[in-house]
2 protein chains.
Amino acid sequence: MANIREIAKLAGVSVATVSRVLNHYPYVKEEKRQAVWKAVEKLNYTKNINAVHLAKGKTSIIGVILPYVNHPYFSSIVDGISQEALRHGYHFLLFQTNYDVQKELEALEMLRVKQVDGLIICSRTISWEMLKLYQEDGPIILCEDAKSCEMSSVSIDHYEAFMLGMNYLIAKGHRKIGYCIGRTSGTNSERRDAAYRDALQNIDASPREEWIFDHCLEIADGARIVKALLSMEDKPTALLVASDQVAAGIVLWGQKNGLQVPENLAIVSFDNHPIAEALGITTVDLPLLSMGQKAFQLIHDCFIGKTTTNQNEQLPVRLIERFSV
Amino acid sequence: MANIREIAKLAGVSVATVSRVLNHYPYVKEEKRQAVWKAVEKLNYTKNINAVHLAKGKTSIIGVILPYVNHPYFSSIVDGISQEALRHGYHFLLFQTNYDVQKELEALEMLRVKQVDGLIICSRTISWEMLKLYQEDGPIILCEDAKSCEMSSVSIDHYEAFMLGMNYLIAKGHRKIGYCIGRTSGTNSERRDAAYRDALQNIDASPREEWIFDHCLEIADGARIVKALLSMEDKPTALLVASDQVAAGIVLWGQKNGLQVPENLAIVSFDNHPIAEALGITTVDLPLLSMGQKAFQLIHDCFIGKTTTNQNEQLPVRLIERFSV
DNA sequence: TTGTATGCGTTATCAC
DNA sequence: GTGATAACGCATACAA
């Protein structure tokens, strides 16, 4: 593979001039410019991008940390990041962690070793304290409210979203309300839980731990929820379901097992993915694509020095009324 | 940021020895090894991976080309690639092309400039001829049958899969059969179309172009299909649907509009994603996760020199009988 | 076992 | 405008 020196020799100029031509500098005599391009053509030359990375000390690659790529919630975010990165000539490495701290640490190491210029963390297990150790190695953007820990973030106001759902259910007369969630730990989940409890307190009702269902991620989990509900003596009359996928599962397995939505159980879910529309599920629209785009924009602002302070953006949500309540 | 030279100085050894320690070479005296690690610790040293890439001439990064990341079909494949890459200490860059040839070319360039060591192409628009120009730059694995163009591939036998579905429908007495597909071009789509026509020929039936629905990708497309079917005078009695997502859309929008599955329309779909089980849709299981894993394994075999010839693997499919026929 | 010297392919500085 | 040459940070062949 030809390198810049061979080009220089063939074109009869110095490597510096070749570099200038290749990088579209002004102030190169036209005839030399021509000669360089001719040599490039002739030797079928391409830059070795690793050399560029080394010389420049940056890669134009960002890292994206997420637990699962094969889930609509996260692949929507990735979609947004991807679109925006492409527009700015950036690439991204995907780190699928399955919420394993070891894997999260490995991804963070990529920032230290300069494999990536920055990091977007869609969801995490690792602690904020640990995270902050890597802040000096490059910009990190979190997809959760990180104002209190003094890191940059773009997030959905999950408290507001859950509150919206709760108040809607309450307005429709429900008092026995439970919820389904992917995991109970994590900033976003904790905010949702807080909204749940606050909303119940507002109507002098108390939360019921057995109405809170953990590990709800995909359609198949709906079967488990339905089964659990059916075997309960004192059932909730309504459920907030933190993923349209799970809500769909509940609706569909409910149909088969005599638990009708909304007759026997009201549901408000979250995301507003196509499946919710198809099933007529009332859902809170979460701007996941926008969040991905915004996350990249924030990190890019750091790269170009537009931003030096921590930014914390919140994206609005809205309830979409359909027929599951 | 400290570099290897500073470590060498502080530890009182040469850079070569530092490198040996860092890369776990044998034949380094224990006390020097200790000294090096102590210096590493003290200066909070990390390798600059770009320098490693430059010196080694490789990156341990592969590129993955796909049209959409936010679609279960593709994110399943990515999941497989991701899992397997991680096991072998590789990372991957995702190139979302939206089937845009320009973007596909940009991704291929990453192979030329040594940004990636190899490429997995999940789906493409670009021609085989163009693709072959990049073969000399590194291994390329296609997720489609590429035997005839002499490139490596791991694929699902979509001809067999479609034939399986067709014969099942035919055995159930259907003769008026159409199909839904993501796009009509592409190796995989062409193989499916061939199976469709061959199967009909076997029963002396002829294909009906108006029963072939293009651009079927996600749930929402089901609404369009249902509408089209309802306005047809001469309807098909059965449909092969190349994605569970679309099949789900047809079932759900059909319910709302008086087109019952299977009473008015039989459906066999493909993928065997959770939504198909939830809706009781008879589907052909496609091993997408395995395909992703296998794709990485093939490319890895090239890296370690285990394979020099083109490999063409086919993964088996199986029909899962449920209640949509 | 260890050190020296060189290569990897650019970019960037500085003198002319 | 242009060319030498020094970084960039590491791996490795070769010599000792």
Under-4.0 Å side-chain N/O to phosphate OP1/OP2 contact, Thr17(B) with dG3(C):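 So the side-chain polar atoms of Thr17(B) do come within 4.0 Å of the phosphate oxygens OP1 or OP2 of dG3(C), strictly under.
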Phosphate OP1/OP2 of dA4(D) contacted by Ser14(A) side-chain N/O (<4.0 Å):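 No, outside the criterion.
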Test side chain to side chain contact (heavy atoms under 4.5 Å, CB included) applied to Lys9(A) - qualifying residues, sequence neighbours left out: none
With Ile126(B) via side chain to side chain contact (heavy atoms under 4.5 Å, CB included) - residues at least two apart: Val101(B), Glu104(B), Leu105(B), Leu108(B), Arg124(B), Met130(B), Leu131(B)
Indicate every side-chain donor-acceptor pair of residues 51-61 of chain B with a distance under 3.5 Å to a residue at least two apart or in another chain.
unit_1   : atom_1 : unit_2    : atom_2 : d
His53(B) : NE2    : Thr59(B)  : O      : 3.2
Thr59(B) : OG1    : Ile61(B)  : N      : 3.2
Thr59(B) : OG1    : Gln115(B) : O      : 3.2
Thr59(B) : OG1    : Asp117(B) : OD1    : 3.1

Any residue of residues 43-62 of chain B with a heavy atom less than 4.0 Å from an atom of DNA chain D: Tyr45(B), Thr46(B), Lys47(B), Asn48(B), Ala51(B), Val52(B), Ala55(B)
[X] [atom1] to [N] [atom2]: how many Å, rounded?
| X | N | atom1 | atom2 | result |
| --- | --- | --- | --- | --- |
| Lys9(B) | dT4(C) | NZ | P | 14 Å |
| Leu22(A) | dT11(C) | CG | P | 7 Å |
| Arg5(B) | dC10(D) | CZ | C1' | 9 Å |

Nearest-neighbour nucleotide for the Asn3(A) side chain, dT10(C), dA11(D), dA12(C) considered: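 Nearest listed nucleotide: dT10(C).
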Might you list the N or O atoms of the protein lying below 3.5 Å from N or O atoms in nucleotides 14-16 of chain D, with each pair's distance?
none

Side chain to side chain donor-acceptor pair (under 3.5 Å), paired with Gln34(A), selected from Lys38(A), Glu31(A), Lys32(A), Glu30(A):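 Checked Lys38(A), Glu31(A), Lys32(A), Glu30(A) against Gln34(A); only one passes side chain to side chain donor-acceptor pair (under 3.5 Å): Glu30(A).
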Sugar-phosphate only, base, or nothing, as touched by Val18(B) at under 4.0 Å among non-hydrogen atoms: nothing
Selection: residues 24-37 of chain B, any non-hydrogen atom under 4.0 Å of DNA chain C: Tyr27(B), Val28(B), Lys29(B), Lys32(B)
